[in-house]
Amino acid sequence: MRKPKLFRSMFDAVFHKPIMQAVDGYFQTFTAYAPRFTSWSGGIYEAELTRSIIERNADHASKLRPEISGTAQPQWTRSLQWQPNPWMTVPQFLHRVSTILDVCDTCLIVPVDGGDGITSVGYYPVLPSQCEAYDVDGALWLELRFPGGDKTLIEWSRIGVMTRHQFKSDLFGDGTNVLNPTLDLIHAQEEAEKTAIEQGAAVRFIGKLSQNRNPEDTRKSAEDFNKQLGASNAGGIVVYDNKYQEVKQIAPQNYTVDAAQMERIEKAAYRFFGSSEDIVMNRADEDTYNAFYEGRTEVFAIQLGYVLTAMTFTPNEIAHGNSIMFSANRLEFASNQTKLNVSTALFDRGIWCGNQVAEVFQSPSYPGGERHVIRGEYIDLDLISQHTSEQAAAAAQTNANIAAIDGKKDGGEDASQTE
């Protein structure tokens, strides 16, 4: 029995034999901006609020469904149906792509090598510590460097690059540094709350002794007073004698950001990621989710579809209708009345089949459900003149026959009444 090949790292499993070629220098872009992407090690994924937003965006992105069109379907497109690589299912793949894109403003997707250096068997989203663009014999190549020290060169045409906030760089996103002030405010708020709690629990009373005492007597007096503040004091009353001239209680002060300022901080984070509190808290209604889908999830789906199409198919194959797109059943979040109205309209017109309607209501498919039907009063536009003339003639003849029969009935009744 043939044993499976073992790899010392995931890097070996994805790239097999890393490509190392002589380069002719950095690839020059229009903006002369350094063609370099570096994964950001800041705290954007460490803050609770921003991580919650990123996670919810990725959750909704993971519901997308790949749709592959055309006849030129290599092996790696088939992997998109269930498992793009040996370590991820399709939802996990989409979730990670969305997360990397939100955190780094750039996500790189590389083909999983089949072992022969030619065949690709899947897709993998990588997170290199640095990516630089080089000129190799007049073509654009990317050098990927990873935290473990591994590196490889790969052609630009074989790699998928997802970007956000792309302005200065012609190749990569500009990064999420613009969110740093908001992250600093969030961190400052958390530190202020922590400090206030610690200070409030440290010193609660200040006592002034009635006369000067040596340090040992002062320490002993403080210990005696503190014993009365312990759990053993069931009555809750603290008394002191004339050795204390004055005892004052300290009210803890919470130096924290007020509610209005905190709301502005949170809204800044929501704006940056195109989300809202209702989305993050899973309480969005139909209209809110539709707006979120069109503004964020659908944009992600369209870009990912085009990126995977470009890295998978040749220009000739794309020209002949081969493509990869991602779609979602948005009606899953609609009300039952909206589902019914849309399903009825699309089913009656033959646009949807019965199984598609069943899917909207989370029902299983059924035999014959793949057939498309149409209501009888609808007529093919190309045949409308033919159908209209035939039906008009038949209707006219039918109306004439009915009128004749009715005339005979009316004449007979009148004659009988006359007699």
Side-chain angles (χ1 to χ4, degrees), residues 52 55-71 73 76-85 87-99 122-123 274-306 308-309 321-381:
S52 297
E55 181 72 8
R56 198 63 64 241
N57 286 353
D59 286 343
H60 288 292
S62 68
K63 301 174 185 178
L64 296 171
R65 179 172 55 191
E67 297 179 357
I68 303 171
S69 304
T71 57
Q73 297 186 7
W76 52 337
T77 59
R78 293 193 295 271
S79 71
L80 273 179
Q81 299 298 334
W82 297 102
Q83 198 172 18
N85 58 70
W87 310 278
M88 298 177 184
T89 61
V90 170
Q92 290 171 329
F93 171 79
L94 295 173
H95 195 285
R96 180 161 176 78
V97 171
S98 176
T99 299
Y123 306 83
S275 186
S276 67
E277 184 178 3
D278 288 337
I279 292 293
V280 173
M281 299 300 293
N282 293 320
R283 63 189 184 205
D285 57 17
E286 180 179 343
D287 293 336
T288 301
Y289 178 77
N290 283 338
F292 170 76
Y293 175 85
E294 293 179 0
R296 201 281 173 185
T297 306
E298 188 175 36
V299 174
F300 171 83
I302 292 173
Q303 183 180 177
L304 180 60
Y306 276 91
L308 293 187
T309 297
N322 294 278
S323 66
I324 299 173
M325 302 303 292
F326 290 83
S327 64
N329 185 357
R330 294 167 57 194
L331 290 180
E332 290 180 357
F333 300 90
S335 64
N336 286 333
Q337 186 60 49
T338 300
K339 291 179 182 179
L340 180 61
N341 294 339
V342 174
S343 299
T344 301
L346 297 180
F347 181 77
D348 287 351
R349 288 162 175 77
I351 299 174
W352 275 6
C353 65
N355 284 339
Q356 288 174 300
V357 175
E359 181 184 356
V360 170
F361 290 93
Q362 288 83 49
S363 300
S365 58
Y366 58 91
E370 70 281 355
R371 296 175 58 193
H372 290 258
V373 299
I374 195 169
R375 291 181 61 172
E377 64 264 32
Y378 297 117
I379 302 172
D380 191 328
L381 185 61

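A quick note: this is a predicted structure, and the numbers were derived from the prediction, not measured.
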For this session: Identify, with sequence neighbours excluded, every residue that meets side-chain contact (heavy atoms from CB on, under 4.5 Å) alongside Ser69.
Result: Ser323
Exercise. Salt bridge (charged side-chain N to carboxylate O under 4.0 Å, His left out): which pairs involve residues 361-370, sequence neighbours left out?
Worked result: none
Seminar exercise, completed: Rounding to 0.5 Å, atoms CG (Asn336) and CG (Asn341) come to a distance of 11.0 Å
Problem set entry | Distance-minimising heavy-atom pair for Trp352 and Ser343 | CZ3-OG, 3.8 Å
Exercise. Do the non-hydrogen side-chain atoms of Leu94 and Leu304 ever get within less than 4.5 Å of each other?
Worked result: yes
Exercise. Taking only residues two or more places apart in sequence or in another chain, which ones pass side-chain contact (heavy atoms from CB on, under 4.5 Å) with Asp278?
Worked result: Ser276, Arg283, Ala284, Thr288
Seminar exercise, completed: To the nearest 0.5 Å, atom CD of Gln356 lies from atom NE2 of His372 at 5.5 Å
Exercise. Considering only heavy atoms from C-beta outward, does the side chain of Val360 approach that of Val342 to under 4.5 Å?
Worked result: no
Problem set entry | Min side-chain heavy-atom separation Asn85-Trp76 under 4.5 Å | no
For this session: Supply the atom-to-atom distance Tyr289 OH to Glu294 CD, rounded to the nearest 0.5 angstrom.
Result: 10.5 Å
Exercise. With no hydrogens and no angle check, is any side-chain donor or acceptor of Asn57 less than 3.5 Å from a backbone partner on Thr99?
Worked result: no
Seminar exercise, completed: Ser365 meets the side-chain contact (heavy atoms from CB on, under 4.5 Å) criterion, sequence neighbours left out, with Asn355
N/O donor to acceptor pairs below 3.5 angstrom from side-chain atoms of residues 61-68, sequence neighbours left out:
| unit_1 | atom_1 | unit_2 | atom_2 | d |
| --- | --- | --- | --- | --- |
| Ser62 | OG | Asp59 | O | 2.6 |
| Lys63 | NZ | His60 | ND1 | 3.4 |
| Arg65 | NH1 | Glu359 | OE2 | 2.9 |
| Glu67 | OE2 | Ser327 | OG | 2.5 |

Exercise. So which heavy atom on Ser98 is nearest to which on Phe300, and how close?
Worked result: CA-CE1, 3.8 Å
Seminar exercise, completed: Nearest heavy-atom contact between Phe93 and Met88 is CA-SD, 3.9 Å
Exercise. Closest approach of Ser335 and Glu286, non-hydrogen atoms and distance?
Worked result: N-OE1, 3.1 Å
Exercise. Does Leu308 reach the side chain of Phe326, with side-chain heavy atoms less than 4.5 Å apart?
Worked result: yes
Problem set entry | Under the ring pair (Phe, Tyr, Trp, His ring centres under 6.0 Å) test, residues paired with Phe347 that sit two or more places apart | none
Exercise. Which heavy atom in Thr309 sits nearest to a heavy atom in Gly305, and how many Å separate them?
Worked result: OG1-O, 2.7 Å
Exercise. Under the 3.5 angstrom rule, does the side chain of Arg96 hit a backbone N or O of Gln92 as a donor-acceptor pair?
Worked result: no
